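A quick write-up on the structure given underneath.
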There are 2 protein chains.
Amino acid sequence: MVLKDLPRALHHQPSTYALEDQVGHLLRRAHQRHAAIFLEGIGPAALTPMQWAALVTVVREGKASQNRLGRLTAMDPATIQGVVRRLRARGLITRSADPADRRASVLAPTEAGIALVEATLPAAIAISEATLAPLDPAERRIFLKLLQRMAFA
Amino acid sequence: MVLKDLPRALHHQPSTYALEDQVGHLLRRAHQRHAAIFLEGIGPAALTPMQWAALVTVVREGKASQNRLGRLTAMDPATIQGVVRRLRARGLITRSADPADRRASVLAPTEAGIALVEATLPAAIAISEATLAPLDPAERRIFLKLLQRMAFA
DNA sequence: CCTCGATCATTCGTATACAAATGATCTCTC
DNA sequence: GAGAGATCATTTGTATACGAATGATCGAGG
């Protein structure tokens, strides 16, 4: 018995499981494509998508604890730790003791970090547009609305 | 000058770059949510999404070289190597020499691998449905159509 | 046949991703 | 103000992900 006959055999229905049509596979491929566009389009800033997300969030917030930055960018504490370490190593953010909480440290952007975000913002906008290029404007609105619900449900 | 004023200053337009609205961030969150649903729902098979993708593809194809399996599942050679190693270690697929090409090896499912796919297929289908649960049937069709174009453009 | 570009698989290095465990500290409640 | 449960950050271990380099082999053209 071959795989495509399995659902029929099990449920007396036509086969429906094609990997290429599964939403998980498509989400992964679309995310993969975006990451490739990002790395190609980010230019001299040489940031990864997650480094950009963390940096732009620190600049927007002004300062934040590491765990809070992770929550804002959807990274768990173990993951944000490495991202912050690399941004610190490049002199884009700083870390100082939090006088109000001795467990926590306060992250803040450096002048270089702020300048890099300002210089890179047009590229980031272009990356989002290039990612959405397969869709026309009306389709983009619909897609983003549905994707938002898929992401935060 | 604060970040939210940058686009206005640069382009004389209202600020538009909010990380939470960027398509890359939303794709990542949606993929993240799917992975969590998968790991929760895959049950006793205890497979990762990529292990499932590789296994189900080997079962469907009957046999395939490692690089070909990687192309079919969108994994590069370095990545598929580890996935195949773990599936072999669990006795779900086998590897043999390719008589027609001494560079390549032939991967094939074991009886246990085929049986695991058969037993797990209902869970995999349920996972796809649970992932799409935030959308009603009409929205699902639209979303999948647009996502397909975003993935393969 | 012979060589040159392509392909197969591996390895190394770097960067997410997340579960789980840990130690320090905070906060809430009694 | 003391203990319990929550939170901050780190570390360890496993699993993708991919660029780049490598060595072996293949296939096409001359």
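Chain identifiers are assigned alphabetically (A, B, ...) following the order of the sequence lines, protein sequences preceding nucleic acid strands; residue numbering begins at 1 within each chain. FYI, side chains are in, hydrogens and waters are out, and symmetry mates aren't considered; it's all heavy atoms of this structure. Model, not experiment: these values are computed from the prediction.
The NE2-C1' distance, from His34(A) to dA17(D), rounds to 16 Å in whole Å. Whole-Å rounding puts the Asp101(A) CG to dC26(C) P distance at 5 Å. Taking atom CZ of Arg88(B) as the reference point, atom C1' of dT10(C) lies 13 Å away to the nearest angstrom. Atoms CG (Asn67(A)) and P (dT11(D)) sit 14 Å apart, rounded to a whole Å. As a whole-Å value, the separation of Arg33(B) CZ from dA17(C) P is 18 Å. Distance Asp98(B) CG to dC26(D) C1': 11 Å, rounded to the nearest Å. The CZ-C1' distance, from Arg86(B) to dT14(D), rounds to 8 Å in whole Å. When the P atom of dA17(C) is taken as reference, atom CD1 of Ile80(A) falls 10 Å away, rounded to whole Å.
Nearest to the side chain of Ala104(A), among dC18(C), dC8(D), dC26(D), sits dC8(D). You'll find that the side chain of Arg103(B) is closest to dT7(C), out of dT7(C), dT16(C), dA9(D).
Here the side chains of Thr120(B) and Pro44(B) are not in contact, with every heavy-atom distance at 4.5 Å or above. Counting heavy atoms from C-beta on, the side chains of Arg95(A) and Gln66(A) come closer than 4.5 Å. Looking at Arg68(B) and Leu72(B), their side chains come closer than 4.5 Å, going by heavy atoms from C-beta outward. Side-chain contact between Leu47(A) and Leu116(A): present, with at least one pair of heavy atoms (C-beta onward) separated by less than 4.5 Å.
Taken residue by residue, residues 71-78 of chain B places heavy atoms nearer than 4.0 Å to DNA chain C at Arg71(B), Pro77(B), Ala78(B).
Residues Pro77(A) and Asn67(A) share a closest heavy-atom pair of CB-OD1, 3.9 Å.
In this structure, Ala100(A) and Val83(A) both approach DNA chain C, and ranking their closest nucleotides by distance from the 5' end singles out Val83(A). In terms of position on DNA chain D, the residue among Arg28(A) and Arg68(A) whose nearest nucleotide sits closer to the 5' end is Arg68(A).
In this structure, His31(B) and His31(A) have parallel ring planes: the angle between them is below the 30° cut-off, well short of the 60° mark. Between Tyr17(A) and Trp52(B), the angle of the ring planes goes over 60°, which puts this pair in the perpendicular group of the 30/60° scheme.
One finds no side-chain N or O of Gln32(B) lying less than 4.0 angstrom from the OP1 or OP2 phosphate oxygen of dT16(C). Phosphate proximity of dA15(D) to Arg85(B): absent, as no side-chain N or O sits under 4.0 Å from OP1 or OP2. OP1 or OP2 of dC8(C) has not a single side-chain nitrogen or oxygen of Ser105(B) nearer than 4.0 Å. Regarding contacts with the backbone of dT16(C), every side-chain N or O of Gln81(A) stays at 4.0 angstrom or more from both OP1 and OP2.
The CG atom of Leu27(B) lies 11.0 Å from the CG atom of Leu26(A); values are rounded to the nearest 0.5 Å.
At the heavy-atom level, Ser65(B) lies under 4.0 Å from the strands shown only through sugar-phosphate atoms. Thr48(A) comes within 4.0 angstrom of sugar-phosphate atoms only, judged by non-hydrogen atoms across all strands, and of no base. Nucleic acid contact for Arg95(B): sugar-phosphate only, since backbone atoms but no base atoms lie under 4.0 Å from a heavy atom of the residue.
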